[in-house]
Peer 1: 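There's a structure below that I have some questions on.
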There are 2 protein chains.
Amino acid sequence: MPRKRNAHRNADTPTLADVARLAGVSDITASRVVRSKGPIADATRARVLAAIAELGYIPNRAAGSLASSGSTLMSVLLPSLSNIVFPDVLRGIHTALTETAFQPVIGVTDYDPLIEERILLSFLAWQPAAVILAGLHHTPTARRHLEHGRFRVAELMDIDGDPVDIAVGMSHWQAGYDTGRHLVQRGYRRFGYAGHSIASDDRARARYDGLRAALKEAGLLLIAEERVQGPSSTIAGRHLLEAILRKAPGLDVVVFPNDDMAMGGIFHCIHAGITPKEQLGIFGFNGLDIGQAMPLPLSTILSKRFLIGKTAAEKLLESRERPAEKTIINTGYDIIVGATA
Amino acid sequence: MPRKRNAHRNADTPTLADVARLAGVSDITASRVVRSKGPIADATRARVLAAIAELGYIPNRAAGSLASSGSTLMSVLLPSLSNIVFPDVLRGIHTALTETAFQPVIGVTDYDPLIEERILLSFLAWQPAAVILAGLHHTPTARRHLEHGRFRVAELMDIDGDPVDIAVGMSHWQAGYDTGRHLVQRGYRRFGYAGHSIASDDRARARYDGLRAALKEAGLLLIAEERVQGPSSTIAGRHLLEAILRKAPGLDVVVFPNDDMAMGGIFHCIHAGITPKEQLGIFGFNGLDIGQAMPLPLSTILSKRFLIGKTAAEKLLESRERPAEKTIINTGYDIIVGATA
DNA sequence: CAGAATAATGATAGCGCTACCATAAATCAC
DNA sequence: GTGATTTATGGTAGCGCTATCATTATTCTG
């Protein structure tokens, strides 16, 4: 004899069984209607749908996920949302997921692998169908779970490395290298770099390394370098350019790690009466719309953020099982000549 | 006699029972350690934690959520992530949730109440502890579920209306009204408005209405008005200002619905040789950092996005039960005088 | 030091759903 | 028309965890 029944039930929340009873079918038939799975007679489906509407039934995905040991969640771990780059990636993911049953679940890691690991583990507790994260660098624990999990994995932005499953992005080292070659070819010789603390941003560091390699090849080097602590911002870019020009007045071009900071550089030029390009080249990275809306469009590199997100999500949807072969997709980038360098 | 056992189990995924067996305790004791709940002897806890580490155990939250009919998820529904406003709100939410067990789950509605409804229902299927959404306007179905659910609800950004549970934000009508008063007081008389399609953005519409009310009070009206289809952007603001000035050359101030577009206006001024403020006032909304980093800091209104997100999440954490009284928190706003109007 | 409170642990029975197998009815092949 | 498919539905047994109640070991009170 059971001691108690339905002890900790949600009293007024209707369950599938309630729907089934009202529709006069079995639980499992109602379940099939909800999931659009298996053959169902039109009349039966209609009855079940009517019952669902009448009761305001909302499926309990926890129960569903438990029973089927799987979910339609796609975990997305991004370093930041303040940096417009990642919202763009996210839009791409969203676009690919519309009209599918999959649902993105977003976490923000603040560029910290330990936070990434913590959020990853808490997401895995929901048995996601796939995990999307930024970069190829993770903690050993995170990497282990990514490799052994029964879910697809996409690592975005960067392709210089060995992915777990799928990598979608571009070579940031190459982009930095091409930046250097491009600017040298345009006649610039006295280079400065105004960046942010590079420790946390692997990709900015790769571009920086590529830039230096290109300069070295041309027999040049960075004459001056200036960095802010903390996150990159337009105001930081503005102050940094002022500082670097005070220390090294003879520069003829300054490269920034992104468009936000480069725009700060432009603003300093306007303020100080420096003509961009003619007196001082300014070069960014990302190809943000706002930089192209300026009176002098920013010279920069267009990274294809939306495409990266969209491509990754589409690839993940192709198969639930991880294939034997790893996939690397290079979405490339474009040099925007612009008017500032 | 059971026909089959463990038929559709995840073979190699360790469960709490595995942990308990290895640690030599009962399932429920292991569960208590995992959840840090109830009294546990230090030695026991240590043994269980060691077993967890050894097995690489990850709790199955679907099972946990099912058993306890509740979760530590906080559903966050935002209109957009391209608009930097919402990432700021999200950062505030994140900040409040750090060090708590709660985890934000983010959805993007594209300013569409129907999409909001769809995502809300799919989120409710995970039994979140709380729901955060933008604005006070939802579909009837969404509103019904919000009112009857056993979870806390916070409606952000706007406080002009009747919230379900908690509202945190500011009066956008009042902000528009104050904009009008402020500009009239500074001597502007010939007003233009350069906006985006207002149908989708209730708050921009409220500010617009407030602005017109203030002008009417001063015996003025909008001389010219220009709108773009589609989303707001800096480039749209630039083109719009050009268009509006062509149609109504005599304007002495143009108000934009946000800083992004207002910056486009500034860029047009620079391009066309118009001196902001002296020849033409430009006024925005939001108080973005980038606008304040410009050579002439943008005149605008600072909305407290981070504070809104943080306050909302903190309020939601105060109690799991919805109180009898509704709460409305006004985070206010500041007029940034700036240098462009 | 007896009786009461507290700390620490365990047994059991579901939470709501779906995988698996079985069955019955309808359709098909030839 | 008989056997073989296909279509439509149902019964049952868990999925992995936690709420509830029960039990025992330990500490406290005066």
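Letters go in sequence order (proteins before strands), and every chain restarts at 1.
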Peer 1: Between the main-chain N or O of S80(A) and the side-chain N or O of N83(A), is there a donor-acceptor pair closer than 3.5 Å?
Peer 2: no

Peer 1: Quick one: stems involving DNA chain D, counted as three or more successive Watson-Crick or G-U pairs, both distances short of 3.5 Å.
Peer 2: C:1-30 with D:1-30

Peer 1: Indicate whether OP1 or OP2 belonging to dC17(C) is found under 4.0 Å from a side-chain N or O atom of S68(A).
Peer 2: no

Peer 1: Check whether any side-chain heavy atom of Y111(B) lies under 4.5 Å from a side-chain heavy atom of E116(B), and answer yes or no.
Peer 2: no

Peer 1: Round to the nearest Å and state the distance from Q127(A) atom CD to dT18(C) atom C1'.
Peer 2: 14 Å

Peer 1: Could you check how far CH2 of W126(B) sits from C1' of dC15(C), rounded to whole Å?
Peer 2: 15 Å

Peer 1: Assign S65(A) to base, sugar-phosphate, or nothing according to its heavy-atom contacts below 4.0 angstrom with the strands shown.
Peer 2: nothing

Peer 1: Using heavy atoms and a sub-4.0 Å distance, could you list which residues of residues 20-28 of chain A are near DNA chain C? By number, please.
Peer 2: I28(A)

Peer 1: Give, ordered by number, those residues of residues 29-42 of chain B having at least one heavy-atom distance below 4.0 Å to an atom of DNA chain C; if nothing qualifies, reply none.
Peer 2: T29(B), R32(B), P39(B), I40(B), A41(B)

Peer 1: The criterion is side chain to side chain donor-acceptor pair (under 3.5 Å); which residues satisfy it with S31(A), sequence neighbours excluded?
Peer 2: R35(A)

Peer 1: Just the rounded figure in Å: distance from C1' of dT9(D) to CZ of R47(A).
Peer 2: 11 Å

Peer 1: Quick one: L124(A) CG to dG16(D) C1', roughly how many Å, whole number?
Peer 2: 16 Å

Peer 1: What are the two closest heavy atoms between G70(B) and Q127(B), and how far apart are they?
Peer 2: N-NE2, 3.7 Å

Peer 1: Applying side chain to side chain donor-acceptor pair (under 3.5 Å) as the test, list every pair that has at least one member in residues 99-109 of chain A; sequence neighbours left out.
Peer 2: Q103(A)-S122(B)

Peer 1: Give a yes or no answer on whether the side chain of R322(B) reaches the backbone of F151(B) with a donor-acceptor pair at less than 3.5 Å.
Peer 2: yes

Peer 1: Do H145(B) and E117(B) pair up side chain to side chain, a donor and an acceptor below 3.5 Å, judged on atom types alone?
Peer 2: no

Peer 1: With the threshold set at 4.0 Å, does a side-chain nitrogen-carboxylate oxygen contact exist between D162(A) and R143(A)?
Peer 2: yes

Peer 1: Side chain to side chain donor-acceptor pair (under 3.5 Å): which pairs involve residues 307-316 of chain A, sequence neighbours left out?
Peer 2: K310(A)-E314(A), K315(A)-E318(A)

Peer 1: Can you name the nearest heavy-atom pair linking L66(A) to L66(B), along with the distance?
Peer 2: CD2-CD2, 3.4 Å

Peer 1: Rounded off to whole Å, could you give me the CD1-to-C1' distance for the I52(B) and dC17(D) pair?
Peer 2: 13 Å

Peer 1: Which pair of non-hydrogen atoms, one from G169(B) and one from I159(B), has the smallest distance, and what is that distance?
Peer 2: N-CG2, 3.6 Å

Peer 1: Whole angstroms only, please: what is the CG-C1' distance between L16(B) and dA19(D)?
Peer 2: 15 Å

Peer 1: Just the rounded figure in Å: distance from C1' of dT7(D) to CZ of R45(A).
Peer 2: 13 Å

Peer 1: From CG of L66(A) over to P of dT18(C), roughly how many Å is that when rounded to an integer?
Peer 2: 11 Å

